[in-house]
Visitor: 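Submitted below is the structure of interest, expressed as structure tokens.
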Protein chains: 2
Amino acid sequence: MSASPHALRLQQAVLRPVRGHHAFEACVEQLATAIRLGVYQRGTQLPAERELAEQLGVSRATLREAIAALRAAGLVETTRGRGGGTIVQRRPARRASVARRAIRGRQADLLDALDFRSVVEPGAAALAASRELDDATRTVLSESLEAVSAAPSGEDHRQCDSRLHLAIAAASGSTRLMAAVTQAQADLDEMLHAIPVLRPNITHSTAQHKSIVRAILAGRPTTASRVMTEHCEDTAALLRGLLG
Amino acid sequence: MSASPHALRLQQAVLRPVRGHHAFEACVEQLATAIRLGVYQRGTQLPAERELAEQLGVSRATLREAIAALRAAGLVETTRGRGGGTIVQRRPARRASVARRAIRGRQADLLDALDFRSVVEPGAAALAASRELDDATRTVLSESLEAVSAAPSGEDHRQCDSRLHLAIAAASGSTRLMAAVTQAQADLDEMLHAIPVLRPNITHSTAQHKSIVRAILAGRPTTASRVMTEHCEDTAALLRGLLG
DNA sequence: TAAAATTGGTATGAACTCCGACCATTAAGA
DNA sequence: TCTTAATGGTCGGAGTTCATACCAATTTTA
């Protein structure tokens, strides 16, 4: 029995590279992304090597190579002894020219990333809204919202924005959605740095954020999903025009 | 500066194991899943080793170990020479008892999988409906729908069902959504085998499938999403009750 | 002040993975 | 029939990654 054309299509789509070869590179990317998105803010300390290695599921030797790369890139600094550790030094100074080169020839992939985001972020918001959130989570959402509203435009605003979206995903309680949103935010961040939009409508964006968080806290999944969809689509429309 | 509780939460959620070490195991799992979901049907031939190795992003040596494991498990048979290759021999004979053991203590993870599915499958359906689909894709969707409608209940029906859902995801044109739906179907398949639902309402399910495909072919994203959401929730409600 | 604890730094050998080249087998085509 | 081509089978060396120690530096604490 030979495979039908239909089967062939599925097979090519289902089978995916098993691994982004080199655990080392994957570690560098995860940590650099976490720093870029503001998960680890400037001046804060990374977990101890042994702990971080366990979280990432790699040996300490491999993690150390990754940290060495971050150190060489000037992203972190390391001190020894008790109370020492690896400290986030500054955000990667990504020049727009470098960022533009990084996205060259990846239009299709980036458009895919925008589509993916428009699916998972509203889904995460809706799920978060359908949960009984504990006080700690509610506080995190409120504080994240406040932070992004208060932050000036630019790099800081972008990081606060990421943190809010990640906080919403975390509030959904879904590990898978959290991973999906993290990926979406990383892709989005890359695009926003490659294509510096002159003056994003932060006022509008902030209003949407408020509306989303309010819907989540009030337990209104439909509203949360709808507004988040609009929010994602606004950004996507902007970027799609500049990617073409 | 020390990390706030909020930051700690994000950090633990964002950082994820870099890989399920052992490319070998990952290959076995991907191939076994593809066979279980009916991507490779019984009697069909897997791609040549060199080709498959490239698709999976591993060396031929590693892929061969994975195939050897599948062969040892009786899932495939291999012949040499031109026209030879590795042929899918039979579906894994998973006994319910074994499947039940596999999901023991994973309730939270499986509930997560159901939530994730209810996000990505409707999203994929909506996206597919918003595309200008070419004739080949339209044909695939129609044929997949027919196959699942025609299949009797049981293992065959389950495979056809998976294939339809994967075909819809493929029609969305999004690599990321395709991967997400593949993962969702794999998780779902595991649950359905562990918890053999006596008599799923196949009539109802088939009506939903028809409605979804019709909406996609007619270019109605909202309808496609809504019906797919209902479709996923029906299954999820059934399984949630049996997982608690 | 000295001991304890915690952190990063180093080293070694085993296991895994990769790559490339070559061999053996078999079916298709000239 | 004979040649060609495609397939799986085998081998060896190089590079990664891992696990497990142990060392060094520094702060905390008794």
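Heavy-atom basis, side chains included; hydrogens, waters and symmetry copies ignored. Reminder, nothing fancy here: chain letters follow the sequence lines and each chain counts from 1.
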Visitor: With distance as the sole test, does Arg60(A) use its side chain to make a donor-acceptor pair with the main-chain N or O of Leu52(A) at under 3.5 Å?
Guide: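 Between the backbone of Leu52(A) and the side chain of Arg60(A) there is no qualifying donor-acceptor contact (under 3.5 Å).
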Visitor: Verify, without hydrogens or angle tests, whether Asp112(B) (side chain) and Thr175(A) (backbone) share a donor-acceptor contact under 3.5 angstrom.
Guide: yes
Visitor: Could you work out which one of dC18(C), dG8(D), dA6(D) sits closest to the side chain of Arg82(B)?
Guide: dA6(D)
Visitor: Please report, rounded to the nearest Å, how far the C1' atom of dG8(D) is from the CG atom of Leu70(B).
Guide: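 Going from CG in Leu70(B) over to C1' in dG8(D) covers 15 Å.
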Visitor: Rounding to a whole Å, what distance do you find between Glu54(B):CD and dT7(D):P?
Guide: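 So the two atoms are 13 Å apart, to the nearest Å.
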Visitor: Grab the CD-P distance between Glu77(A) and dT7(C) for me, whole Å please.
Guide: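 Going from Glu77(A) (CD) to dT7(C) (P), I get 19 Å.
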Visitor: To the nearest Å, give me how far apart CD1 (Ile87(A)) and C1' (dT27(D)) are.
Guide: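 Spelled out: CD1 on Ile87(A) to C1' on dT27(D) is 14 Å.
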Visitor: Take atom CD of Gln107(A) as the centre, draw a 6.0 Å sphere, and report whether it contains more than 12 heavy atoms from other residues, nucleotides or ligands.
Guide: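 More than 12 within 6.0 Å, yes.
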Visitor: Distance check: side-chain N/O of Arg50(A) vs OP1/OP2 of dT7(C), anything under 4.0 Å?
Guide: no
Visitor: Is any side-chain heavy atom of Arg117(B) closer than 4.5 Å to a side-chain heavy atom of Thr235(B)?
Guide: yes
Visitor: Taking atom types as they are modelled, is there a donor-acceptor pair under 3.5 Å from the base of dG9(D) to the side chain of Arg60(B)?
Guide: yes
Visitor: Where each residue is assigned the nucleotide of DNA chain D containing its nearest heavy atom, which of Ala61(A) and Gly83(A) is assigned the position nearer the 5′ end?
Guide: Ala61(A)
Visitor: Phosphate oxygens OP1/OP2 of dC18(D): is one of them under 4.0 Å from a side-chain N or O of Thr62(A)?
Guide: yes
Visitor: Looking at dC18(D), dT10(D), dC19(C), which one has an atom nearest to any side-chain atom of Ser59(B)?
Guide: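 Side chain of Ser59(B) sits closest to dC19(C).
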Visitor: Could you check how far CD of Glu49(A) sits from P of dA25(D), rounded to whole Å?
Guide: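 After rounding, the gap between these two atoms is 16 Å.
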Visitor: Take the protein atom CG of Leu63(A) and the nucleotide atom P of dT17(D), then report the distance between them rounded to whole Å.
Guide: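 Roughly 12 Å, once rounded to whole Å.
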Visitor: Check whether any side-chain heavy atom of Ile35(A) lies under 4.5 Å from a side-chain heavy atom of Arg42(A), and answer yes or no.
Guide: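 Not in contact.
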Visitor: Can you tell me the distance, in whole Å, between the CZ atom of Arg64(A) and the P atom of dT16(D)?
Guide: 17 Å
Visitor: Rounded off to whole Å, could you give me the CZ-to-C1' distance for the Phe24(A) and dC18(D) pair?
Guide: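 It works out to 16 Å between those atoms.
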